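Chain naming here is simple, since letters A, B, ... match the order of the sequence lines and numbering starts at 1 in each. All of these numbers come straight from a predicted model, not from anything done at the bench.
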Amino acid sequence: MLQKAEETAPLLAVNNIEVIYNHVILVLKGVSLSVPRGGIVAILGANGAGKTTTLKAISNLLRAERGEVTKGTIIFDGAEIQDQSPSDLVQRGCIQVMEGRHCFGHLTIEENLMTGAFTRKDGRGAIAADLEMVYDYFPRLRERRKSQAGYTSGGEQQMCAIGRALMSRPTTILLDEPSMGLAPQLVEEIFEIVSNLNTKEGVTFLLAEQNTNIALRYATYGYILESGRVVMDGEAKDLRENEDVREFYLGIGGEGRKSFRDVKHYKRRKRWLA
Amino acid sequence: MLYREAGDFKTTYREDNQTFPIKSERYLFWGAMLIAFCVVPFFVNSYWEKSVLVPLLVWSLVALGLNILTGYCGQVSLGTGAFMAVGAFACYKLMTAFPGMSIFFVVILSGGVTALVGMLFGLPSLRIKGFYLAVATLAAQFFLIWVFNKFAWFYNYSASGQITAPERTVFGIIVTGPNAAPWATYLFCLTFLFIFAWLARNLTRGRIGRSWMAIRDMDIAAEIIGVEPLRAKLSAFAMSSFFIGVGGALFFSVYLGAAEVTEAFGIDKSFLALFMVIIGGLGSILGSFLGAAFLVLMPVFLKNLFVGSLGWPTDVAAHIQIMLIGGLIIFFLIVEPHGLAQLWRLTKEKLRLWPFPY
Amino acid sequence: MSPAILNFIETCLNGLMAGVMYSLVALGFVLIFKASGIFNFAQGVMALFAALTLVGFQTGQVPFSHLINAIFGTDIHHWGGGMPTILAIVLAMGVMVLLAFLLERFVLKYLVNQEPIILFMATIGLAYFLEGLGDLMWGADIKRMDVGLPSGGSFWWEDLTRAWAPADADYYGMYIDTLDVSAAIIAAILVTGLTLFSQYTATGRALRAVADDHQAALSVGISLRRIWVIVWSLAGFVALVAGILWGAKSGVQFSLSLIALKALPVLILGGFTSIPGAIVGGLIIGVGEKLAEAYVGPLVGGAIENWFAYMLALAFLLFRPQGLYGEKIIERI
Amino acid sequence: MNVHMREDMSLHSMRADDGIAKGEELLKVDNISLSFGGVKAITDISFDIRKGEIRAIIGPNGAGKTSMLNVINGFYYPQEGTITFRGKRRRRVRPHETAREGIARTFQNIALFKGMSTLDNIMTGRITLQKRNMFWHGLWTGPAEREEIEHREAVERIIDFLEIEHIRKTPVGRLPYGLQKRVELGRALAAEPALLLLDEPMAGMNLEEKEDMSRFILDVNQQYGTTIALIEHDMGVVMDLSDRVVVLDYGKKIGDGTPDEVRNNQDVIDAYLGVPHEEA
Amino acid sequence: PSLSYRTGPYAPNGIPFADGYADYLTLINERDGGVGGVKIDNPECETGYNTEKGVECYESTKNVGTGALIYQPLSTGITYQLIPKVTADGISLHSMAYGRTSAMNGKVFKWVFNYPANYWDGATIAVHHAADMEGGSLEGKSIALVYHNSAYGKEPIRTLEEMSKEMGFKLTLIPVDHPGQEQKSQWLQIRRERPDYVFMWGWGVMNSVAIQEAANIRYPMDHFIGIWWSGSEQDVLPAGDGANGYKSLNFTGVGTDYPVFDDIQKYVVDAGKAAGDGTNLGTVQYNRGMYAAMLAVEAAKKAQELAGHADINAAEMRDGMEALDVTDATLEALGMPGFGPTVSVDCANHGGSGAALVQQWDASAKTWNAVTEFMPSDRELVTKLAMEDSEAFAAENNIEPRACE
Ligand SMILES: Nc1ncnc2c1ncn2[C@@H]1O[C@H](COP(=O)(O)OP(=O)(O)OP(=O)(O)O)[C@@H](O)[C@H]1O
Ligand SMILES: Nc1ncnc2c1ncn2[C@@H]1O[C@H](COP(=O)(O)OP(=O)(O)OP(=O)(O)O)[C@@H](O)[C@H]1O
Ligand SMILES: [Mg+2]
Ligand SMILES: [Mg+2]
């Protein structure tokens, strides 16, 4: 299944990385994945599987959490990037939208968006145009542009975080749970934006998502992580057809979608053991 | 494997709530206590007493107190020096006003007086937070020191403004004044520390401690959960001041023997105590001891190393020593921002995994 | 006007001037706090260090001479001749930039995303380190700071104001220290410049972002390294200015670092994050404490300035917990 | 190991008992308006929550759902309107007082106490139920210890119930998002509330975890009769679990009724659901 | 041992003193081969002017070698700390012109010496000097006391209050809080009230700021008189020319115009054995340190004489100190004629003669010049006050004063 990804030299390749927090907690136990140029790749997996950790390892934000990559390599655009600073990466076009929003609470929404353009050198005009673009995507933000981000609602903050990343005109976006806390309508919209950017501007996406259903609808390729290991990967459409995935991630058992009222009492999980 | 907890299972919640849940740790602790109470007193001389042990014990007590406030309840305070002064002056006034009272109760009462004063100065914490509060506590620091310096009643109108601890006894054993035997002052302080460490442990492991920590970690959420901020904060201020007051009383009566308020309880004491709890580990009882030990012993050690062993001129040695202490503080923070206590925990975790790296 | 009123005005005026001097120190705190959320305890020591370095260069001292002498048994202290003040200032500034650089490289880099109190502690470590280093480099003796700023009471002003009082009154005119006047001018320039910088440049915005959330700032591509070097250099520059002015007032020696304590009430009154706040806070504190000392002090035995400043600031905080101009503390759940 | 809830292991010993029969009004919100400076977060909203039901609050982002919960537990003071809880009208209370009256909640942006372990976090939930004062705690041995153990037992039941035994002693800061949400639920449950407010309890969870969470919520509701108000963006969950739904939009109420009514309400579809909710 | 402080806020004063003390002892060792053939061991211990470190220093040095003979604690705070301790340990403490003034009462303070002068002596001398300048009477004049708001600064208040009653001058008290960098209010007050004299009990940075401020308000500097701890080069240099004419008390000679300095240059500095870099010679604090060392050496000589052997112990040292009698002839013989006041100590009086001189700063030459001879203090008054205080201390601490004779 991996062959296809290897044919075109991947834009981003993660080779067998291990991540340790605090020198003692081993979280990733050899994760490899590759993201082709112009692709949308989804990382799926349960809570604590290590999705966020993987993304942070790529964008080099681990150090700030006292974590480190102890093994393996990460190659972006032909160069090893473990030793680069996150800002170098952003300059090279790879930006991360962090899980849990992380807006700058004391800055207004508009200032928050403007920080996204920090690394840009293409003049005020272009930045202003992009600002308009973000506001067009998220009209709600335009209404709240002068509010301090700390006081806005959870969903507004999430939009702000995504808009902020868009402001840097990235070529690659690492999206960590973009749908979290957003109204269903907006979730659709966000994924529309993703696919738009992807097709029109060739932006590459790597996204960690709990909403498997929608993620697999838009992604081209998917990886499933369980406790720090990749247990399965494949074309999105293949994954959608997979029995296990259907049962555990899409909730479609043999007899179609179950109501949440009817799920079994305390069923044991099935784990893929790698 | 040096350190194991495997095979040490708890069957009751009571056992699980123990201070030292792991057997080997428990033995280690009681062993250490045995040595501290029964062996050390026979060997302590006045140098060890006055330069190392008593300051260590007293500062541990103070650090413990500050840790309750700053480490457990999250209220950064820079008024420690002044609260120590309250303890010291309360102690002095009580000693001189009631010469017959046992010094033990005098010290406890001094703590009580300090607790009241601490609560008073803790009131602003209901509105003021973080570093704003830290700086605001300096108001207490400067104001109280000014009061003790200003009103001669506090130092019994002595011409010099100094207070000198008269000789007092416990069970007929002299513990204050110049004629106190090293072992006596040592044991006196150790007893206090032991009692108070136990008290601190009890307070922090139950409901009270949790309400403090909840306020520290997220005060709004804590309030919504049902923690009453007024009570939690004021009780932390009171308890912390109580400890610090007792520490101040011992500091003056047992350790220094004489003190002048501006010099003995200046703002540098406030900072020193804060260093101790941060270096040792915020929100950790063990950390209070480690921090106090680090900051009391390190200078003595460095001094003896440089001047005593290497024979450097005292001033060069002193300058380098200051630099080194600064450097070490930074170094430890880089290695483990959560203090020596956390370092110790991580070491244990590593030992547990030993010989595997993780 | 009666002398009593004139005296009152004089007290206020001098309070304002004293306040400006405090503000100069407070500014350094604000800069760093605003830019990284760090409460920089070392600001006072940085002022001392900057001043020591400046004087050292100016008078041509050999750094570390004491240590060198102790180790090699030599006897050197000056390398002969000093250097022009301007050059010395530039060099001292260079040292402060170097310091900022080293600091980022060896300390701050490892403390990204730590809690504020941890960073605070690190700056305390830094304060110790610099204190020892300053003494070791330049010696602990007291030095005279002379960069050619005028000082002493202004005759012109004294004569002018004497005429305001009735001719028969026992009045000598108002006093104002010319050094303070220069300080006020310098402070005004500094504050304007820094405010413009932080309000209207992308870097200024980035500074505030970093203060809010290190990790998020990293994630949008703000280079913490660059930001930190910039602000610590700026803070070094402010420290140098404060060091020059305070040094001219009281000589350059260890106690210079204690001026930080005078700046703290100013800081909380004005708000940790506001540059204009530092000035306004300074003025309020300055006037407040001078008036208190002059009119309340005699009633209670004097020397109340120190705690009064803190109490005044505390009183303001009870109404505005974030200081006059500080950013509101966000409370939302 | 399959944990079964034994009926006698009651989580709820008190509070549920307040003379209000199931199905009667537990909480009533009348004409609440709330604004911040120029921003109107809530405009003239009224609804009620009946004892024993699961009440969902939905609406687009920034509609004022979280603000509504904040008003209910006293964190925000509405400019207008009143709230009646268990028959008592109130306008201004401190949040810790509402907690004492039996309202517990979870938060949208997880608000766990990061420095504490899971166990301690959940124990904190019982703070309003513990009575021993500082003196006894200082002594520990005796009443305080007895009380602690008593409450510990209750908490252990909750831990069992939520299947988080293995992380009992882990500092919560290290837990993955989903588990943190679960711990937060545990903390709220520990208070044995009469009314439980859940703010997006399932955000950031995958299907399996949502199923688990749904189970927990239903169990709490069914076995102990705890009334629940929940905010959620996953329509599947909302429609399946809730008895009645309120829909907010821009601070206004645009719908209120059973899931089916709401699902077919045109206003709601326009403002929130977009396309009619698709199954799977 | 000498407890020195070469770091911290007061280092500028501490360094030259410690140098002077050490250099003189080195001189004795190098030139004379010690006292009576016994080399002096002077372990130095850095206190940073900090009480706890002082205690640590005391404890760490008191048993060095055969045991410490005498302590020079160099800080009022540490002195107070050590008074009970040395009494218990039986080691003499010499707090030269600082520390507890009432320690001059040897009946109560057997082990503590504070000759040649104390603060109260200083206060009376300053007043007398002012009176001399006014032609004998201070009636109707006003004196402002600018003091460090601490125990030390408050020392002269009692004395001055007594004297103001006696001599009819008006006394204004102006405290300055530690550290004293900002004294605008105080000097505005002085400027308005125009006291005829300003006395200063300052320390550290407070001194230089005060002198600077005084110059700024153009206060006549020769009417501004500081205690000896406010009168070193370090205090006046930062004020530059403005400090010209400022006066302070001192109890040693100034400058290097004494034969003994040749010896120090020869045996100590040129031999590379100086404690400092040799540039401090002749400064106020250096000379003071030397003087203190000289007194210690003389006391040791006396002690050897009394004990009849060279290897004296602490108790014998104390006897020597109590029998100390430094006359002009002694000073002459030591190569320091007129360097300090004569000192004669007895059982009851541990305070020496109490004499001091007034020196004045010459800013252009950057030197201090003595403007008076050593002036005696108002011993009667001082003794009276000291008795009151020491008796209170004795009562509080259950000390039975010695009989003496
Ligand atoms: N700072 C940290 N220190 C220690 N352990 C951590 C830290 N951050 C994460 N972990 C651990 O790493 C593991 C993986 O966490 P991660 O956040 O990457 O999971 P995730 O797949 O993103 O989960 P979720 O879906 O809940 O976001 C978890 O078990 C977590 O406990
Ligand atoms: N303390 C406050 N200060 C200013 N504005 C606020 C405050 N609290 C809420 N708001 C504003 O009120 C509106 C409603 O916010 P609320 O958090 O209730 O939305 P929500 O319905 O929970 O949205 P989401 O689904 O995105 O969480 C938002 O626009 C928000 O910006
Ligand atoms: Mg994640
Ligand atoms: Mg919300």
Chain C heavy atoms under 4.5 Å from B:L133: which part of the residue, side chain, backbone, both or neither?
neither

Among residues 31-51 of chain C, which ones touch chain B with a heavy-atom distance under 4.5 Å?
C:F33, C:F39, C:F41

Between B:I224, B:I329, B:I334, the one whose heavy-atom pairs under 4.5 Å with chain C are most numerous
B:I334

Please step through ring pair (Phe, Tyr, Trp, His ring centres under 6.0 Å) for the pair C:Y128 and B:F275, ending with a clear verdict.
CA-CA 12 Å; C:Y128 270 62; B:F275 301 170; 5.5 Å; yes

Top contributor to chain C contacts, counting heavy-atom pairs under 4.5 Å, from B:F151, B:F331, B:F271
B:F271

Selection from B:A136, B:G339, B:A140 maximising heavy-atom pairs under 4.5 Å formed with chain C
B:A136

The reported gap from CG in B:L333 to OH in C:Y110 (rounded to nearest 0.5 angstrom) is 14.0 Å

Taking the side chain as C-beta and beyond, is there a heavy-atom pair between C:L317 and B:P124 under 4.5 Å?
no

Heavy-atom distances under 4.5 Å only: say whether C:A122 touches chain B with side chain, backbone, both or neither.
both

I'd like to check C:M121 versus B:I279 (side-chain heavy atoms, cut-off strictly below 4.5 Å). Are they in contact?
yes

Is there side-chain contact between B:V135 and C:L267, with heavy atoms separated by less than 4.5 Å?
no

Side chains of B:I322 and C:L136: does their closest heavy-atom pair fall under 4.5 Å?
no

With only heavy atoms counted, which part of B:L144 is less than 4.5 Å from chain C, the side chain, the backbone, both or neither?
neither

So for C:L111, is it side chain, backbone, both, or neither that comes closer than 4.5 Å to the heavy atoms of chain B?
side chain

Are B:H319 and C:M137 packed together at the side-chain level, in the sense that at least one heavy-atom pair is separated by less than 4.5 angstrom?
no

Distance-minimising heavy-atom pair for B:F131 and C:P116
CE1-CB, 3.7 Å

Interface moiety of C:I124 toward chain B, non-hydrogen atoms closer than 4.5 Å
side chain

When the ring planes of B:F142 and C:Y310 are compared, do they come out parallel, tilted or perpendicular, using 30° and 60° as the limits?
parallel

